[in-house]
Every structure is written in structure tokens, then in C-alpha cells.
Amino acid sequence: MFLYGPQTGGHTADARSCGMPSPPPPAVRVALPDGRGYAVHFEPLASAPRHLRTVGLEGRALVVTDETVGPLHLDALADALRADGRTVAALAVPAGESSKSERQLAAVVDWALGQGLDRQTPILALGGGVVGDLAGFAAATLLRGLPLVHLPTTTISQVDSAIGGKTGINHRAGKNLIGAFHQPRLVLADPATLQTLPDREFRSGLAEAVKHALISDADLAERIGRDWAALTRRQPDVTAALVREAAAVKAVVVEADEREAGERALLNFGHTFGHALEREAGYGALTHGEAVALGMRAALHLSESLRAGRVAGPLTAPFDRADALVARLAPPPPALDRGRLTAAMQSDKKRTASGLRFVVLDDVGRARLATSVPAPFVQAAWDFALARPAGGG
């Protein structure tokens with residue numbers, strides 16, 4: 001972890017040369033009660049000062065980023081903020097899932113308290129899902145709640161984790177077991193930042209976009225398959241449109257169920273399996289998106305078994321077509337003990353008093369929760385996702 005002191009003077013780049021579509025996609029609105037709604041904008045980071053003023057955030061800004069994202073994007077952000085007359089302090093934590101820890105949370109809190117906070121000092125989370133979760137949880141707890149602004153720079157954070165108010169850190173007993181709901185004041189997702197991602201990280205984030213399509217938008221799933229070549233080339237207009245549509249799915253679900261009492265749980269398609277994979281493989285061995293992709297393959301097989309009323313064999317339509325799309329994003333299956341994976345599911349925070357809940361599909365675009373799932377169905381789902389080589393894309 002280290003502190004940044006970005007200099008003024010700045011970087012300006014032609015939007016098209018750095019992957020920014022022209023014009024940018026329209027904003028997505030997350031409508032919540034009691035005036036807590038916010039917008040998700042798809043514009044350059046340099047527009048941050050204008051959007052901060054729109055939501056009444058003036059003066060200084062505290063930026064939390066990581067040691068990978070900071071050198072790429074912090075100077076441009078800080079230059080824009082300082083040109084707007086703001087004081088900027090920034091902290092970079094180590095990149096990766098290991099930073100979602102009590103140790104790094106304490107480091108962020110100690111640093112922030114040393115800046116002389118008041119309750120109107122915003123925390124700006126510049127980075128991917130790890131930075132958003134960590135900085136968001138710090139914002140939720142500092143002075144019993146500071147304004148939070150998400151500046152997501154990865155596919156997975158732009159389509160999913162920056163929207164909806166979930167914040168938190170991991171515990172040795174499981175992923176995201178310590179956290180809070182703390183909605184941001186705004187989200188500014190710059191599509192051009194996706195051009196700086198390593199291919200593994202970019203494709204990992206596509207898994208969450210595919211998840212959104214499979215649970216609620218069959219047309220979007222079809223378009224992702226049709227535009228796959230352009231997406232993997234990161235063609236700016238196609239990529240920005242996908243990010244915007246996937247973010248819109250998340251916004252609708254959050255509006256209907258802010259605190260995951262019902263419908264929002266459908267966003268966990270593939271996650272009950274995926275979180276167990278992350279834990280047993282060791283956090284960081286798989287990216288979150290890779291684990292979710294493998295988890296979705298397991299969930300598709302479970303969907304087939306539940307539809308048939310018996311352990312499924314080969315997948316049939318429409319689950320076979322959905323699996324062909326997901327398999328493009330799944331890594332080679334890790335060699336993990338199925339019994340340990342099933343046991344790891346028991347600590348999943350989505351477990352209820354009656355047991356584990358799985359998100360399954362009745363059709364592409366139609367998801368539901370399933371409880372009291374027979375153990376052989378779960379075992380067969382693991383075997384399908386992990387024993388068979390995943391497809392390449």
C-alpha cells in the first residue's frame with residue numbers, strides 16, 4: 001500500500017483513441033425511495049467534477065484505488081478534480097482479492113481518519129470490485145456513513161458490483177461475510193478504462209454481463225452471442241452498449257429488491273457454486289468472473305436436473321445454448337474435491353434457515369430460486385462443471 005500525490009498538468013486523450021464511444025451511452029437511473037436514487041453515467045473520468053457538483057458534493061475528495069489502477073487512471077482523475085478547485089488525497093492498496101481483508105480495511109480507515117474528515121467528505125472508489133467493496137465498506141462505517149462515489153474501471157464492476165450498494169470484505173470462513181449495504185451517491189463508469197484491462201480481467205467481467213442476460217433478458221443473451229467477436233476485440237461502441245444494458249438489468253433488480261429479500265437473490269446465479277470454488281481454490285487463484293462462469297455451468301446442469309426430475313445427462317435446449325456461451329468464459333476446471341466444495345457451500349451468506357438456495361433457470365431470461373435440492377443433483381452439477389473440459393472463446 002502506498003500514498004499518491006498526483007501532480008496537476010494532466011492527460012487528455014481523444015475519446016475514440018482510448019476506447020470511448022461517441023456519443024457515450026445514456027445514463028442508467030437507479031430509482032430508490034427516500035431520495036436515495038442515483039445515476040450510473042458512462043462518460044470519461046474527467047467529467048467527475050461536474051457529476052459531483054450535481055449531487056451536491058463539493059470541496060475535497062478522498063480517492064481509494066489500487067496499485068494497478070492508480071498508475072493508469074489516478075492522474076487523469078486527480079487533474080480534473082484539482083482543476084475544479086478541489087483538494088485530493090489518494091491511497092492505493094495492493095491489487096487483488098487479498099485486499100478485501102480486515103487488515104486493509106483498518107489501513108483505509110486509519111488513512112481516512114488522518115485526513116480530517118467530516119460527514120460530507122466523499123470517498124471515491126477508483127478501481128474494480130475489490131476496491132469498490134473495500135472503499136465502500138469503509139465509507140459505510142466511517143463517521144457512521146460518508147458519501148460514496150464509485151468510479152469502476154473493470155468490466156465486472158461497471159456491469160455489476162458498483163451498482164446496488166453491496167460493500168464488504170472477506171473472512172476466512174467465506175467470501176463477503178462482513179459488510180453493509182451502502183448505496184453510492186453516483187456511479188461514473190468510463191468505458192475507455194476497459195481498454196487498459198488484461199484480457200483475463202476483461203473476459204472475467206463479461207461473465208457477469210452474461211449472467212444478467214441469462215437470468216432476465218433472452219434478447220441480450222442472443223446479442224452477446226452474435227456480437228462475441230466484436231466484444232472480445234473490445235470494439236468501443238459494442239462494448240459500451242453491452243455494459244450499459246447489463247448495468248440496466250442490475251438497476252431494475254436493485255430497484256425491486258434493494259436488500260436482497262427476494263428478487264435480487266436471482267443475481268446470485270452461479271454464485272453459490274462460484275463462491276465455494278473461490279474459497280477452495282484459494283482467493284485469487286480464480287478471478288471472481290471465472291469462478292462465476294464455472295458456477296453458472298453447474299447451475300445450468302442443476303436447472304436441467306430439476307426440470308427433468310432426475311440427474312440430467314447432456315444438456316438440452318435452451319440450456320445447451322446457454323452453456324455454450326458461458327463455456328467461452330470458463331477457465332480449465334481446477335482439480336478440487338467435490339465433497340469439500342459442497343461443504344464450503346454451507347458457509348455461503350445466502351444460506352437461509354431452511355438450507356441452501358440455488359438460482360436456476362426455467363428458460364433463458366427466466367430465473368427462480370430453488371430450495372431443498374437433492375444432494376445427487378448438486379454432485380452431478382459439480383461433476384458437469386469441473387470434470388468436463390470448458391470451451392474456449
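- Hydrophobic clustering keeps L45 apart from I156 (ILVMFWY residues linked when any side-chain heavy atoms are closer than 4.5 Å, directly or through intermediates).
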Please tabulate, for the side chains in residues 124-144, all donor-acceptor contacts under 3.5 angstrom to protein atoms that are two or more places apart in sequence or on a different chain.
from, atom 1, to, atom 2, distance (Å)
D133, OD2, K100, NZ, 2.7
T141, OG1, F137, O, 3.0
T141, OG1, A138, O, 3.2

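- Between the side chain of H271 and the main chain of A265, no donor-acceptor pair closer than 3.5 Å is present.
- In this structure, R264 contributes its side chain and V254 its backbone to no donor-acceptor pair below 3.5 Å.
- In this structure, T155 and G205 approach most closely via the heavy-atom pair CB-CA, 3.6 Å.
- With no hydrogens or angles considered, a side-chain donor-acceptor pair links T316 and E304 at under 3.5 Å.
- Between E290 and the options R200, R328, R297, R203, a salt bridge (Lys or Arg N to Asp or Glu O under 4.0 Å) holds for only R200.
- One hydrophobic cluster holds both L329 and L315 under the rule that ILVMFWY side chains link at heavy-atom gaps under 4.5 Å.
- Between R244 and P25, the shortest heavy-atom distance links the atoms CG-CB, 3.8 Å.
- Although no hydrogens or angles enter the test, the distance criterion places a donor-acceptor pair under 3.5 Å between the side chain of S305 and the main chain of A312.
- In this structure, T65 contributes its side chain and A92 its backbone to no donor-acceptor pair below 3.5 Å.
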Side chain to side chain contact (heavy atoms under 4.5 Å, CB included) between F384 and L300, intermediate numbers included:
CA-CA 9 Å; F384 174 81; L300 286 167; 5.6 Å; no
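- Summarising the geometry, atom NZ belonging to K175 is positioned 12.0 Å from atom CD1 belonging to I169; distances are rounded to the nearest 0.5 Å.
- Between H288 and H275, the ring planes lie tilted relative to each other; the angle falls in the 30° to 60° range.
- At least one donor-acceptor pair under 3.5 Å links the side chain of D190 to the backbone N or O of A192.
- Salt bridge K250/E208: absent, no basic N to carboxylate O contact under 4.0 Å.
- For the pair A189 and P152, the tightest heavy-atom approach, listed with the atom from each and the gap, is CB-CG, 3.8 Å.
- Of all non-hydrogen atoms in F42 and A247, the two that sit nearest each other are CZ-CB, 4.0 Å.
- Here the closest heavy-atom approach between residue P191 and residue Q158 is recorded as CA-OE1, 4.2 Å.
- Side chain of Q195 to backbone of R234: a donor-acceptor contact under 3.5 angstrom is found.
- Partner of L214 under the side chain to side chain contact (heavy atoms under 4.5 Å, CB included) criterion, chosen from I224, V359, L361: L361.
- H73 pairs with exactly one of T196, T153, T193 by the side chain to side chain donor-acceptor pair (under 3.5 Å) rule, that one being T196.
- Put simply, V93 and L113 are part of the same group of oily side chains (I, L, V, M, F, W, Y) that touch within less than 4.5 Å, one to the next.
- For the side chain to side chain donor-acceptor pair (under 3.5 Å) criterion with N170, the lone passing option out of R279, E102, E97 is E97.
- Checking N268 against E260 by side-chain atom types alone, a donor-acceptor pair falls below 3.5 Å.
- Judged purely by atom type and a 3.5 angstrom limit, D337 uses its side chain to pair as donor or acceptor with the backbone of R340.
- Here the side chain of E258 pairs no donor or acceptor atom with the backbone of G164 at under 3.5 angstrom.
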